[in-house]
Protein chains: 2
Amino acid sequence: MDHSSKTTLKTLSSKLGFSETTISRVLNGKAEKYRISKKTADIIIQSAKDLNFTPNILARGLRLKKTHTLGLVIPDISNPFFASIARSVEREARKFGYSIILCDTEENTNIEIKSVQLLRGRNMEGLVVAPVGQTASHLEDVYNAGLPIVIIDRCFPNKNLPYVTSDNYQGAYEAISYLIDNGHRRIACIQGLENTSPNNDRIRGYKDALLNNHIPYVKSIIVGDSFGELNGYTEAKILLKKKDRPTAIFAFSNLISLGALKAIEEENLSVPEDISIVAFDDQPYFDHLATPMSSVAQQHNEIGQIATKIIFKQIKSKTSSVAEGVLIPTKLIKRASVKRIQQSIYHEKELA
Amino acid sequence: MDHSSKTTLKTLSSKLGFSETTISRVLNGKAEKYRISKKTADIIIQSAKDLNFTPNILARGLRLKKTHTLGLVIPDISNPFFASIARSVEREARKFGYSIILCDTEENTNIEIKSVQLLRGRNMEGLVVAPVGQTASHLEDVYNAGLPIVIIDRCFPNKNLPYVTSDNYQGAYEAISYLIDNGHRRIACIQGLENTSPNNDRIRGYKDALLNNHIPYVKSIIVGDSFGELNGYTEAKILLKKKDRPTAIFAFSNLISLGALKAIEEENLSVPEDISIVAFDDQPYFDHLATPMSSVAQQHNEIGQIATKIIFKQIKSKTSSVAEGVLIPTKLIKRASVKRIQQSIYHEKELA
DNA sequence: TTGAAAGCGCTAACAT
DNA sequence: ATGTTAGCGCTTTCAA
């Protein structure tokens with residue numbers, strides 16, 4: 001039943017007769033160091049408890065220039081991919097006594113820029129950023145200004161910025177190889193936001209897999225422009241109505257795959273009989289879909305945890321040296337959504 | 001290419017020759033009010049921009065006792081239900097220039113208590129809390145101490161605490177009525193954490209629906225103890241092996257329903273032929289499951305948004321008066337997971 | 001073993 | 001139309 005006015009060092013000081021300094025020392029565990037008598041220390045500690053004293057973090061932060069807070073910037077926290085990552089970042093941070101300010105940028109670069117600025121003003125000790133898009137100078141500025149930062153989910157190859165991402169190239173390469181091994185040749189990609197590193201890397205993996213299997217690459221079969229569900233739906237609709245409908249779709253995100261499924265159902269087609277599908281990013285419910293969905297699983301926990309560790313490393317070293325990049329391996333999960341099909345009689349291997 | 005040392009009012013003051021006060025005034029849009037000459041104002045604004053000045057929020061917060069920050073306490077941000085809510089809370093807060101500190105309590109009351117304490121120390125202006133469990137005195141203390149707070153997802157009927165939750169009673173009542181209308185009489189509940197308001201209310205809805213349809217209530221058919229996926233799996237396993245296997249399952253959360261589906265598949269049974277199922281809380285992928293899942297949809301956005309509005313109302317009024325509670329209606333979504341079955345020949349209506 | 005004083009960066013009250 | 005002073009609550013010299 002404490003009064004609503006907060007207890008401060010001053011309160012305690014006038015109550016107990018000791019100086020604020022002494023009280024501060026005791027309450028920060030420095031009693032030993034300053035050889036404060038056990039008796040004094042005990043009194044102070046007890047009294048602090050009784051009066052429900054909690055230090056004002058603002059004041060401490062102002063004085064120490066330490067806020068014990070990290071900024072977390074995410075394009076969409078309701079996307080389970082980012083939610084999982086947020087969870088592991090928060091947990092890892094909490095382990096070290098740090099809190100998280102969460103900024104959702106709604107996939108909007110302007111909001112992202114504002115958020116980063118806001119977080120700087122709020123004296124964050126570090127930033128974990130899953131950037132929306134194609135631009136990164138505002139992030140580089142931050143890093144160069146000495147504020148610890150780590151990019152997740154994407155990276156900017158020509159910028160000096162630490163990052164943690166899945167090995168998108170490898171993941172895509174394996175997924176496409178798997179489809180090819182099952183006889184697919186007309187494999188469509190429904191991509192996400194163009195000119196972002198995950199998108200680029202996945203396309204590279206796609207192309208290389210085709211190349212290594214002597215399958216010609218047809219540009220028109222890569223479609224789409226966003227990682228959202230709607231994009232998956234719209235693009236799948238169009239793909240399915242094409243005369244030379246693809247035999248397989250590679251969806252660049254879990255949301256895209258959901259949208260594609262909706263389109264497939266609407267067209268009265270079914271997976272995998274009429275069309276096969278593989279999604280990037282596994283989800284817990286993929287096992288229970290009408291047709292269990294094959295996917296490229298990303299290690300959400302690892303991404304968040306390692307990113308946070310990198311932040312702490314920077315905080316400790318206080319040097320924004322040469323940025324390190326970490327690639328987290330993906331894992332191909334084979335489920336029923338991929339059908340083994342007859343190779344076309346025009347397949348060059350058979351012609352040869 | 002600014003230097004890494006931060007620009008402060010002092011910096012600007014010595015650079016421009018104006019006092020910190022004047023600069024502060026201009027930069028806070030109070031130039032008019034203090035009749036500061038346009039020329040001066042322009043110089044200051046320009047210079048602030050050039051030197052990339054951002055006010056130190058800690059200092060301002062310390063001075064004004066305003067942090068423009070809300071605490072958001074969530075049991076599991078990777079649960080899409082909470083992620084959606086977090087998103088709408090963040091967005092609503094941002095609209096009013098507020099930021100969010102996110103605390104994930106991992107469904108652990110101790111972490112929750114610590115988080116609330118932490119957030120108090122961090123001078124949050126308000127708390128949005130989705131409590132883990134059955135205890136609430138730490139939350140009531142906060143409210144009584146004058147800190148704005150709103151509970152979401154649950155409520156504590158005998159505590160004076162503002163809350164926003166779905167109308168769990170009504171949602172359950174409708175779901176069970178729907179099952180009954182389809183001929184089901186042995187309807188099992190896989191419940192979440194007991195003695196929490198959503199759980200209690202859903203059970204009340206369940207019982208009343210049975211009662212109004214003259215169906216005897218069998219206690220042993222309500223099982224389970226957590227809102228997680230594992231609980232759904234384990235309890236479904238047991239239910240399915242019973243001699244008088246229920247004809248329908250009412251899963252108290254989206255995660256529970258996922259776990260139940262897994263068990264059903266493992267037992268080589270299928271939905272809805274062998275067993276019908278309805279889940280509380282709709283998810284985007286429910287449409288695409290092996291059997292599209294009937295569900296009681298909750299309005300995630302509304303919950304988050306209204307909760308945040310209530311916080312702001314409290315912040316403005318500065319009185320922790322009598323707490324208001326808001327019930328958000330749910331919506332029953334009928335999909336293929338419910339089968340119309342023959343009524344037993346022993347049904348009392350037919351006997352009568 | 002303890003305290004006094006200064007200062008982190010900001011804004012509001014009180015001058016002029 | 002602008003400046004001086006004080007103080008938010010904390011920690012860290014420096015002093016005793």
Side-chain angles (χ1 to χ4, degrees), chain A residues 4-45 47-48 51-69 118 120-125, chain B residues 4-45 47-48 51-69 97 120-125:
Chain A
S4 82
S5 61
K6 275 208 67 176
T7 308
T8 68
L9 288 186
K10 203 179 187 177
T11 324
L12 288 171
S13 172
S14 59
K15 198 120 192 167
L16 300 178
F18 294 106
S19 73
E20 297 182 30
T21 312
T22 300
I23 295 170
S24 166
R25 281 170 179 153
V26 169
L27 264 20
N28 284 309
K30 295 179 182 165
E32 294 265 304
K33 187 175 164 191
Y34 288 96
R35 303 140 133 273
I36 291 164
S37 75
K38 178 105 174 48
K39 202 171 123 196
T40 307
D42 285 347
I43 293 173
I44 290 173
I45 289 171
S47 190
L51 295 179
N52 199 8
F53 172 81
T54 43
N56 183 325
I57 312 267
L58 292 179
R60 180 186 275 168
L62 181 59
R63 176 66 231 245
L64 261 28
K65 292 171 185 273
K66 286 223 144 218
T67 53
H68 279 241
T69 313
L118 178 96
R120 289 186 71 171
R122 279 176 172 271
N123 301 67
M124 298 296 99
E125 288 186 41
Chain B
S4 81
S5 61
K6 274 207 68 173
T7 308
T8 69
L9 288 184
K10 203 180 187 177
T11 325
L12 288 171
S13 172
S14 59
K15 198 120 191 166
L16 300 179
F18 295 106
S19 73
E20 296 182 32
T21 309
T22 301
I23 296 170
S24 166
R25 281 168 177 154
V26 169
L27 263 21
N28 283 309
K30 294 177 183 166
E32 295 264 304
K33 186 175 165 193
Y34 287 96
R35 303 139 131 274
I36 290 164
S37 74
K38 178 101 174 53
K39 203 171 122 196
T40 308
D42 285 347
I43 292 173
I44 291 174
I45 289 170
S47 190
L51 294 179
N52 200 7
F53 170 81
T54 43
N56 183 325
I57 313 268
L58 292 179
R60 180 185 277 168
L62 181 58
R63 177 67 232 242
L64 262 25
K65 293 170 183 275
K66 285 224 144 218
T67 53
H68 278 242
T69 313
R120 286 185 73 172
R122 281 176 171 270
N123 301 68
M124 299 293 100
E125 289 185 40

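Each chain gets a letter, A, B and so on, in the order the sequences are listed, and its residues count up from 1.
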Please check the phosphate of [N] (OP1 and OP2 only) for any side-chain N or O of [X] closer than 4.0 Å.
X	N	result
Lys30(B)	dA12(C)	yes
Thr40(B)	dT2(D)	yes
Asn56(A)	dC8(D)	no
Lys38(A)	dT1(C)	no
Arg60(A)	dG9(D)	no

**Q.** Any Leu12(A) side-chain heavy atom under 4.5 Å of Leu27(A) side chain
**A.**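 Leu12(A) vs Leu27(A): side chains touch.
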Side chain of [X], heavy atoms from C-beta onward: which of [options] has the nearest atom to it?
X	options	result
Ser19(A)	dC8(D), dT2(D), dA4(C)	dA4(C)
Ser37(B)	dC10(C), dT1(C), dA1(D)	dA1(D)
Arg63(B)	dG9(C), dT1(C), dT2(D)	dG9(C)

Q: Answer with yes or no whether Thr21(B) presents, from its side chain, a donor or acceptor under 3.5 Å of a partner atom in the base of dT4(D).
A: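 Answer yes: a donor N or O sits under 3.5 Å from an acceptor.
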(Q) On the side chain of Arg25(A), is there an atom forming a donor-acceptor pair with the base of dG3(C) - under 3.5 Å, no angle test? (A)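 By the distance-only test, yes, there is a pair.
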Q) What is the distance from atom CD1 of Ile43(A) to atom CD1 of Ile23(A), rounded to the nearest 0.5 Å? A)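 Spacing of CD1 (Ile43(A)) from CD1 (Ile23(A)) equals 10.5 Å.
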Q | Glu125(A) side-chain N/O to Lys66(A) backbone N/O, donor-acceptor pair under 3.5 Å | A |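 The answer is no, because no donor-acceptor pair under 3.5 Å joins these two groups.
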(Q) Looking at Thr8(B), is its backbone amide N or carbonyl O close enough to the side chain of Thr11(B) to form a donor-acceptor pair, meaning the two atoms are under 3.5 Å apart? (A)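 Checking the backbone N and O of Thr8(B) against the side chain of Thr11(B), a donor-acceptor pair under 3.5 Å is found.
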Q: Between Lys65(B) and Thr22(B), just flag the one whose closest nucleotide in DNA chain D comes earlier from the 5' side.
A: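 Going by which nucleotide is closer to the 5' end, it is Thr22(B).
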Q) Between Ile36(B) and Ala59(A), who's closer to the 5' end of DNA chain D by nearest nucleotide? A)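 The answer here is Ile36(B).
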Q: Before giving the answer on side-chain hydrogen bond (donor to acceptor under 3.5 Å, both in side chains), spell out for Ser24(B) and Thr21(B) the whole-Å C-alpha distance, their side-chain angles and the decisive distance to 0.1 Å.
A: CA-CA 5 Å; Ser24(B) 166; Thr21(B) 309; over 6 Å; no
(Q) How many whole angstroms separate atom CG of Leu16(B) from atom P of dT2(D)? (A)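 Going from Leu16(B) (CG) to dT2(D) (P), I get 12 Å.
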Q.
Counting the atoms with a prime plus P, OP1 and OP2 as sugar-phosphate, which does Leu64(B) contact under 4.0 Å by heavy atoms, base, sugar-phosphate, or nothing?
A.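 Counting heavy atoms under 4.0 Å across all strands, the contact made by Leu64(B) is with sugar-phosphate only.
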**Q.** Sugar-phosphate, base or nothing in reach of Gly17(B), heavy atoms under 4.0 Å
**A.**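 Sugar-phosphate contact only - Gly17(B) comes under 4.0 Å of backbone atoms but never of a base.
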